[in-house]
Novice: 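Below: one structure in structure tokens.
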Amino acid sequence: MEKLVINGRTPLKGEVTISGAKNAAVAILPAALLVDGICTIDNLPNISDVKIYLDILTDLGAKVTWNNEHEITLDTRNINSYNSPVEKTSKFRASYYLIGSLLGRFGHAQVGMPGGCKLGARPIDQHIKGFEALGAKVDVSQGKITATAEDLVGTSVYLDVVSVGATINVMLAAVLAEGTTVIDNVAKEPHVVDVANFLNTMGADIRGAGTDVIKVNGVKKLEGNATYSIVPDQIEAGTFMLAAVASRGNILIKNCITKHLEPIMAKVVEMGGEIDEIDGDNVRVWCNKRPKKINIKTLPYPGFPTDLQPQMGVVLSIAEGTSIINESIWESRFQYTEELNKMGAKISAQGKTAVIDGVPDLYGAPVYASDLRAGAALIIAGVCANGVTEVYNLEHIDRGYENIEQKFRNLGANIERVEE
Ligand code: EPZ
């Protein structure tokens, strides 16, 4: 079993280059199934969720050619199966996007139930609502989701909750539908916009992504024959911004989109951290004193992202004073606090609220990542703590961060991946 061994008390200094966004990549790869042709996708993050997806696409009949470490050419002219087994789909959440794209192109999809981070209930009722509104029949039984449709016809869909997954999935199913689909109360996350931009580059006609209403004018076919570069990862950039504050370091974050980071920059400044927005793609974050307590409520974009809540929990665990985190998206996203309390933090979490009494120091301990972002948070805690921290369950972290220990090591962290 692999673990990360971290010798702490290191102010992180230097620069880090942000990779392509995980939550865009795992939506754009299945979206490419809507293309009846060839496309090139660049700035793909080198993470296990991408590897699994390319595996699944190959099973379905797609031809994948790697042009370099971060760029592929995808040929989806000869897709010959609409069925993806649960062994593969259960490894991550975004496998549910296969339904929207296979249904959209072939009128038929059978996909094993999606897996992913254990954050409490993760229903897909809004996805199904959208597919059925477009005219599909959806059956969820025996661990599979089967969706079929003679014809998909454009219509209006109002999403009852702001859902990233449902917004993207209904958009996928509507791209080749007859007529216009209007999806209301949609998610506005950068990765939602990135999927729409990818599809438009391939020949779709999608308008309004990034606003509350998305309009999809159905087209006959996506020709492809184009190249698309995936957006930099807002959450990876935010992870290093919070690592700079927690470690009282100074980090230049390169190849990010600073507009997407505004909700995080605001909180960094509130805590006493400092920001120098160099230009639209690079930002410097530093902090040379103990952060101040603040309160956080996670919200859909452009609110404070839930996928940075655990990393923020680490910063607040060593802040001056008592902070409160309100997790409004997920029922149970505080598992990491038990691990931090093993390191000397004083956090009491109940349901969707955590009260954090800041302590001056954390101390190294063996800790276990319960999911992807909890894992990133424990690495930050290890870098700040006195002594040695061992982080286990790295498979969670590798799902969404490319070369994470190398990036921390380049910033001066004493971190090593070892086989136990
Ligand atoms: C996406 O998950 C992300 N995953 C998650 O990131 C992220 O936490 C989440 O959006 C919120 O930003 C991917 O993009 C692959 P939702 P998703 O549908 O699509 C409720 C990470 O760490 N809901 O926006 O599953 C749901 O219960 C991961 O990278 C319904 O009720 O999230 C939740 O409370 C973890 N019915 C809320 O909406 C539905 O049909 C938001 O969920 C769908 C969702």
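One-based numbering, in listed order, for ligands and for the atoms of each.
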Novice: Is it the case that ligand 1 has an N or O less than 3.5 angstrom from some N or O of Ser163?
Specialist: yes

Novice: Counting each atom of ligand 1 from 1 as listed, which ones have a heavy atom of Pro123 under 4.0 Å away?
Specialist: 27 (O), 30 (C), 31 (O), 36 (N), 39 (C), 40 (O), 43 (C), 44 (C)

Novice: Closer than 4.0 angstrom, basic N to acidic O: yes or no for Asp398 and Lys51?
Specialist: no

Novice: Going through the distances and angles, do Ser95 and Tyr53 end up as a side-chain hydrogen bond (donor to acceptor under 3.5 Å, both in side chains)?
Specialist: CA-CA 8 Å; Ser95 54; Tyr53 235 127; 5.8 Å; no

Novice: For the pair Arg105 and Asp36, find out whether any cationic side-chain nitrogen is under 4.0 Å from an anionic carboxylate oxygen.
Specialist: yes

Novice: Within a distance under 4.0 Å of any heavy atom of Leu119, pick out the atoms of ligand 1 and give their elements.
Specialist: 35 (C)

Novice: What part of Asp307, side chain, backbone, both or neither, has a heavy atom within less than 4.0 angstrom of ligand 1?
Specialist: side chain

Novice: Once you restrict to heavy atoms under 4.0 Å, what part of Asp371 touches ligand 1? Side chain, backbone, both or neither.
Specialist: neither

Novice: Among Asp233, Asn46, Val50, which one satisfies side chain to side chain contact (heavy atoms under 4.5 Å, CB included) with Glu402?
Specialist: Asn46

Novice: State whether Lys352 and Glu327 are salt-bridged, where the test is any N-O pair (Lys NZ or Arg NE/NH1/NH2 against Asp/Glu carboxylate O) under 4.0 Å.
Specialist: no

Novice: Could you tell me, atom by atom, which parts of ligand 1 come under 4.0 Å of a heavy atom of Arg333?
Specialist: 8 (O), 22 (O), 35 (C)

Novice: Below 4.0 Å, non-hydrogen atoms only: which portion of Val164 touches ligand 1? Side chain, backbone, both or neither.
Specialist: both

Novice: How far is atom 11 (C) of ligand 1 from its nearest protein heavy atom, and which residue and atom is that?
Specialist: Thr306 CG2, 3.9 Å

Novice: Are Lys254 and Asp279 within salt-bridge range, i.e. N to O under 4.0 Å?
Specialist: no

Novice: Among all protein heavy atoms, pick out the one at the shortest distance from atom 17 (P) of ligand 1; state its residue, atom name and that distance to 0.1 Å.
Specialist: Tyr96 OH, 3.4 Å

Novice: Check this for me - ligand 1, Gln126, N or O atoms closer than 3.5 angstrom, yes or no?
Specialist: yes

Novice: What residue and atom, counting heavy atoms only, is the protein's closest point to atom 3 (C) of ligand 1, and at what distance?
Specialist: Asn23 ND2, 3.8 Å

Novice: Which ligand 1 atoms are under 4.0 Å away from a heavy-atom of His127?
Specialist: 40 (O)

Novice: What protein heavy atom sits nearest atom 36 (N) of ligand 1, and how far away is it?
Specialist: Asp125 OD1, 2.7 Å

Novice: Classify the contact between Arg373 and ligand 1 as side chain, backbone, both or neither, using a heavy-atom distance cut-off of under 4.0 Å.
Specialist: side chain

Novice: Which residue holds the protein heavy atom closest to atom 41 (C) of ligand 1, what is that atom called, and what is the gap in Å?
Specialist: Ile329 CG2, 3.8 Å

Novice: For Lys342, does the NZ atom sit with more than 12 other heavy atoms under 6.0 Å from it, leaving out its own atoms?
Specialist: yes

Novice: When you compare the side chains of Asp139 and Ser141, does any donor N or O come within less than 3.5 Å of an acceptor on the partner?
Specialist: yes

Novice: Can you tell me the protein heavy atom closest to atom 20 (C) of ligand 1 and the distance?
Specialist: Val161 CG2, 4.0 Å

Novice: Are Lys259 and Glu262 close enough for a salt bridge, meaning some N to O gap below 4.0 Å?
Specialist: yes

Novice: List every atom of ligand 1 that sits less than 4.0 Å from any heavy atom of Ala121, numbering the atoms from 1 in the order shown and giving each element.
Specialist: 27 (O)

Novice: When you measure from atom 2 (O) of ligand 1 to every protein heavy atom, which one gives the shortest distance, and what is it?
Specialist: Arg122 NH2, 3.3 Å

Novice: List the atom of Val315, the atom of Leu242, and the distance in Å for their closest heavy-atom pair.
Specialist: CG2-O, 3.6 Å

Novice: What part of Lys22, side chain, backbone, both or neither, has a heavy atom within less than 4.0 angstrom of ligand 1?
Specialist: side chain

Novice: Mind listing the closest non-hydrogen atom pair of Gly116 and Arg122 along with its distance?
Specialist: C-NH1, 4.1 Å

Novice: Using a strict 4.0 Å threshold on nitrogen-to-oxygen distance, state whether Glu15 and Arg284 make a salt bridge.
Specialist: no

Novice: Enumerate the atoms of ligand 1 whose separation from the nearest heavy atom of Gly165 is less than 4.0 angstrom.
Specialist: 18 (O), 19 (O)

Novice: Among all protein non-hydrogen atoms, which one is nearest to atom 26 (C) of ligand 1, and what is the separation to 0.1 Å?
Specialist: Trp330 CZ3, 3.8 Å

Novice: Do Asp55 and Lys88 meet the salt-bridge criterion of a basic N to acidic O distance under 4.0 Å?
Specialist: yes

